[in-house]
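Notes to accompany the following structure.
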Amino acid sequence: MRFLNEPTTDLTYSDLFLVPSRSDVTSRLDVDLAADDGTGSAIPLVAANMTAVTGKRMAETMARRGGLGVLPQDVPLNVIRDVTAWIKGRHSVLETPVTLAPTDTVIDALHLMGKRPHGAVVVVDSTGAVAGVVRAADCEGQDRFASLGSVIRHQPLVLDAATLNGGLPDGGSAADAAQALRRAFEAMDAAGTDYAPVQQDGVLAGVLTRKGALRSTIYRPSLDDDGKLKVAAAVGINGDVAGRAAELLAAGVNVLVLDTAHGHQQKMFDALAAVKGLNPGVPVVAGNVVTGDATRELIEAGADIVKVGVGPGAMCTTRMMTAVGRPQFSAVLECSAAAREAGGRVWADGGVRYPRDVALALAAGASQVMIGSWFAGTHESPGDLQLDASGRQYKESFGMASARAVQNRNQREGAFEKDRKALFEEGISTSRMYVDAARPGVEDLLDMITAGLRSSMSYAGAADLAAFRERAVAGIQSAAGYEEGRPVPQSW
């Protein structure tokens, strides 16, 4: 990256703009978004290891679309094992449906519909075959304890995986898969539906949506050597770090993230030594830091990737409480340069609120961008959907150093120790992350972010992220310049 006007102070994303360059990129779909950090991610986006952001549904969906989800460090090991096995068992193309039996009730269906953006429940019989579909509209005006069998909707289309000629079942060429997905899309279009269960050998195997079929022709899933969806997990730097890391590796985790608010400390170096002593065979991420020196030291200590960012997150109060941190763009720019010199990479963690911010982080040298609160307000995040006084849907989010998170993390300790640690909070304990009615699922946000990124790269004449880092030209702007670029929803 080069600058039109050299910065004289540290900068964050809204301080900058990118200018177009001569480009030979003829289509945004020709742009390769794959990360070069050894994770194998096909898109450079990571769902943060926050309790309110990443659970099994988020990690599954991120991997299916080529990204990565990091399970939080607070999750018990037995749960991590079960969740990892569940994610590994999901289909790389077919989406996981919400399923109930005909004897289940309307209220059961209404409680579960919010777990997926499909807005539907597949009703299956005792053999696992599709009996029909129930949508929210079918439940309106119905007794909440009525059986689903009494409100079930005849499904106009049930796809058979075997008839899709190697596209949806694992195997077959990319061309076969694209043709199979096109046929599935056309079948849904002809049937006037945007949602179709898929059966294999007479048993429900998953579901496809019209958008899902389109997405699977654009995104490439993030798969391990066994063809299973990838998942990452976080490890703290206290306690038996090597023991927990070994358990995570045995469970099949594909990336380990050593995580603490202050990554440039002795405990982190001890934790890195313990984990690298296991010969993990997977990328090891360590953080968080904001300086080139810290980045170099962590890479020299064994980190493959360094997580950059102190205080830019929406749930974080660190900068207001302590004055510690650094404007995120400058932190990423310096740390990524230091990392590449040392043979490593960085993830830009926090502070992104628009697709432009993701583009700037990657242009500054990050291999991937970690997103937290932005993804919290989606169907795939772990929280329950709630309604405010005006009827808008939202989910609760909270910072991972907040009193709420600390209390959860220390639940096995005595009341005195828990209450004493709760005095040292640096984060918001409750915040409403509203679900965007136009983009209620994380896949909708991935579409928006990657569309903006692809377009940004094509403006720079970059066919991949390495060329984007090399060719990007940035300028520094005033607050008025930033405001000029914002769309205006109504006349002035």
Side-chain angles (χ1 to χ4, degrees), residues 10-15 44-55 58 62 67-74 232 234 236 257-264 285-291 294 305-333 335-336 346-362 364 366 368-378 381-383 394-406 408-409 424-434 442 445 449:
D10 276 6
L11 305 168
T12 195
Y13 298 127
S14 58
D15 293 323
L45 301 172
V46 183
N49 48 300
M50 295 171 63
T51 307
V53 175
T54 305
M58 181 66 74
M62 289 295 294
L68 192 65
V70 185
L71 300 174
Q73 66 190 58
D74 300 346
V257 180
L258 292 175
D259 185 65
T260 187
H262 178 25
H264 197 196
V285 185
N288 285 31
V289 302
V290 293
T291 66
I305 301 164
V306 174
K307 203 145 62 77
V308 176
V310 173
M315 296 296 104
C316 189
T317 61
T318 298
R319 294 192 193 171
M320 294 298 104
M321 293 283 290
T322 70
V324 172
R326 188 177 187 183
Q328 185 69 345
F329 176 84
S330 292
V332 172
L333 186 67
C335 292
S336 62
V346 303
W347 286 357
D349 179 15
V352 293
R353 292 165 175 80
Y354 301 99
R356 70 182 304 279
D357 303 336
V358 174
L360 283 164
L362 294 166
Q368 300 203 58
V369 179
M370 180 173 268
I371 298 174
S373 298
W374 199 0
F375 286 171
T378 63
S381 66
Y394 70 91
K395 287 191 175 184
E396 281 196 345
S397 184
F398 54 93
M400 291 306 289
S402 65
R404 178 173 176 177
V406 170
N408 292 339
R409 190 174 303 133
F424 300 93
E425 62 175 277
E426 287 179 22
I428 296 173
S429 285
T430 181
S431 178
R432 293 184 179 185
M433 305 310 295
Y434 282 94
V442 71
L445 295 182
I449 294 168

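Here the structure is a predicted model, which is why all the values come from computation and not from measurement.
Interatomic distance, CD1 of I305 versus CG of L258, reported as 11.5 Å (0.5 Å rounding). If you take CD on Q73 and OG1 on T260, they are separated by 7.5 Å, rounding to the nearest 0.5 Å. With values rounded to the nearest 0.5 angstrom, I449 atom CD1 is found 5.5 Å from L45 atom CG.
Side chains of L362 and P44 form a contact here, defined as non-hydrogen atoms less than 4.5 Å apart. The shortest side-chain heavy-atom distance between K395 and P382 does not fall under the 4.5 Å cut-off. M315 places a side-chain heavy atom less than 4.5 Å from the side chain of M433. Looking at heavy atoms from C-beta onward, F329 lies out of side-chain contact with D15 at the 4.5 angstrom threshold.
By the salt bridge (Lys or Arg N to Asp or Glu O under 4.0 Å) test, R326 pairs with D10, E334, sequence neighbours left out. Residues satisfying the side chain to side chain donor-acceptor pair (under 3.5 Å) test with S373, not counting sequence neighbours, are none. Partners of Y354 according to the ring pair (Phe, Tyr, Trp, His ring centres under 6.0 Å) rule, which considers only residues two or more places apart in sequence or in another chain, do not exist here.
Here the shortest heavy-atom pairing between A366 and V332 reads CB-CG1, 4.0 Å. A pairwise comparison of heavy atoms in G372 and A48 identifies CA-CB, 3.8 Å as the closest pair. Residue W374 comes nearest to P355 through the heavy atom pair CH2-N, 3.6 Å, listed as atom of the first residue, atom of the second, then distance. Closest of all the heavy-atom pairs between L445 and T378 is CD1-CG2, 3.7 Å. Residues Q328 and Y13 come closest through the heavy atom pair CG-OH, 3.3 Å. For the pair V346 and S336, the tightest heavy-atom approach, listed with the atom from each and the gap, is CG2-CB, 3.6 Å.
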Apply side chain to side chain contact (heavy atoms under 4.5 Å, CB included) to residues V310 and H264 and explain how you reach the verdict. CA-CA 11 Å; V310 173; H264 197 196; over 6 Å; no
Walk me through whether S330 and L11 qualify under side chain to side chain contact (heavy atoms under 4.5 Å, CB included). CA-CA 5 Å; S330 292; L11 305 168; 3.9 Å; yes
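Judged by distance alone, with hydrogens and angles left aside, the side-chain atoms of R353 form a donor-acceptor pair with the main-chain N or O of G351 at under 3.5 Å. The main-chain N or O of A376 is found under 3.5 Å from a side-chain atom of S381 such that the two form a donor-acceptor pair. When atom types are taken as modelled, the side chain of T291 and the backbone of A294 share a donor-acceptor pair closer than 3.5 angstrom.
None of N288, V308, V70 except one satisfies the side-chain contact (heavy atoms from CB on, under 4.5 Å) rule with M370; the exception is V70.
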